[in-house]
Amino acid sequence: MIAPTEDSLAAAEAELQRAQLEGDVAALEALLHPDVVYVAPDGAEYTRSQDLESHASGQLRLTGLEQLQGAARQFGQTGATRARVRIAGLAGGEPFEAEMLYTRTWLFHDGRWQVVQAHGASVPPAA
């Protein structure tokens, strides 16, 4: 079992990104709290089941994910991560490329970090 530290939080963020890139639904299930809500750049809100289904069905398939910047902060049993990433893939069969800034709130729950809230914002490409 991992301890709730900033290092283990940063490792959980890295594992989340790996699972997203590989479409690893089992890993995503472990990393997403049952009550997680993701707020997309357009303001749409997605539940855990909707997020997992998008990966399981292939509706969302990432072909590239590169972290450009990142930070992890722990506050007791909670934590926050910020990751600026360059992503590419297919959404609904349509190709996309973007630079995104993700902020995630994590809870150390059942011996592991789990995302309880996430937000993604499109950002201009880094110079």
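Residues take their numbers from the sequence shown, with the count starting at 1. Note that the structure is a prediction, hence the values are computed from the model and not measured.
- The neighbour count for Q50 CD, taken as heavy atoms of other residues, nucleotides or ligands under 6.0 Å away, is above 12.
- The list of salt bridge (Lys or Arg N to Asp or Glu O under 4.0 Å) pairs with a residue in residues 50-67, not counting sequence neighbours, reads E66-R86.
- The line from CD of E97 to CD1 of I87 is 10.0 Å long, rounded to the nearest 0.5 Å.
- The two residues E15 and A27 come nearest to each other via the heavy atoms OE2-CB, 3.8 Å.
- Using modelled atom types and a 3.5 Å distance limit, the side chains of T81 and E13 yield a donor-acceptor pair.
- Contact record, R73 with L9: O-CD2, 3.3 Å, taken as the closest heavy-atom pair.
- Using a distance-only test at 3.5 Å, with no hydrogens or angles considered, no donor-acceptor pair links the side chain of Q59 to the main chain of S54.
- A121 meets the side-chain contact (heavy atoms from CB on, under 4.5 Å) test with H119; sequence neighbours excluded.
- Proximity of L16 to L28: side-chain heavy atoms (C-beta onward) are separated by under 4.5 Å at one or more points.
- Counting side-chain heavy-atom gaps under 4.5 Å among Ile, Leu, Val, Met, Phe, Trp and Tyr, the cluster of V123 also holds L101.
- V85 is listed as a side-chain neighbour of Q17, based on a closest heavy-atom distance under 4.5 Å.
- For the residue pair P41 and M100, the shortest heavy atom distance occurs at CG-CE, 3.4 Å.
- A salt bridge links R18 with D24: the distance from a Lys NZ or Arg NE/NH1/NH2 to an Asp or Glu carboxylate oxygen falls below 4.0 Å.
- One distance of note links CZ of R112 with OG of S8; it measures 13.0 Å at 0.5 Å rounding.
- Between W106 and T78, the side chains place no donor N or O within less than 3.5 Å of an acceptor N or O (distance only, hydrogens not considered).
- Using a 4.5 Å heavy-atom threshold, the side chains of R48 and H33 count as separate.
- Residues meeting the side-chain contact (heavy atoms from CB on, under 4.5 Å) test with L21, sequence neighbours left out: L62, L65.
- Using a 4.5 Å heavy-atom cutoff, the side chains of V115 and T105 are not in contact.
- Other cluster members for L68: none, since no ILVMFWY side-chain heavy atom sits under 4.5 Å from it.
- Pairing each heavy atom of Y38 with each of G120, the nearest pair is CE1-N, 3.6 Å.
- Side-chain contact check for E99 versus R84: some heavy-atom pair is nearer than 4.5 Å.
- When all heavy atoms of G79 and W113 are compared, the pair lying nearest together is N-CZ3, 3.7 Å.
- Note on residues 43-95: no pairs pass ring pair (Phe, Tyr, Trp, His ring centres under 6.0 Å), not counting sequence neighbours.
- For the pair G76 and P4, the tightest heavy-atom approach, listed with the atom from each and the gap, is O-CB, 4.3 Å.
- Stacking of R104 on the aromatic ring of Y102 is recorded, both the 6.0 Å distance cut-off and the 45° axial limit being met.
- Within the 4.5 Å cutoff, no side-chain heavy atoms of Q114 are placed close to those of L107.
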Please assess L60 against L90 for the test side chain to side chain contact (heavy atoms under 4.5 Å, CB included), listing each intermediate value before the final yes or no. CA-CA 6 Å; L60 175 64; L90 298 169; over 6 Å; no

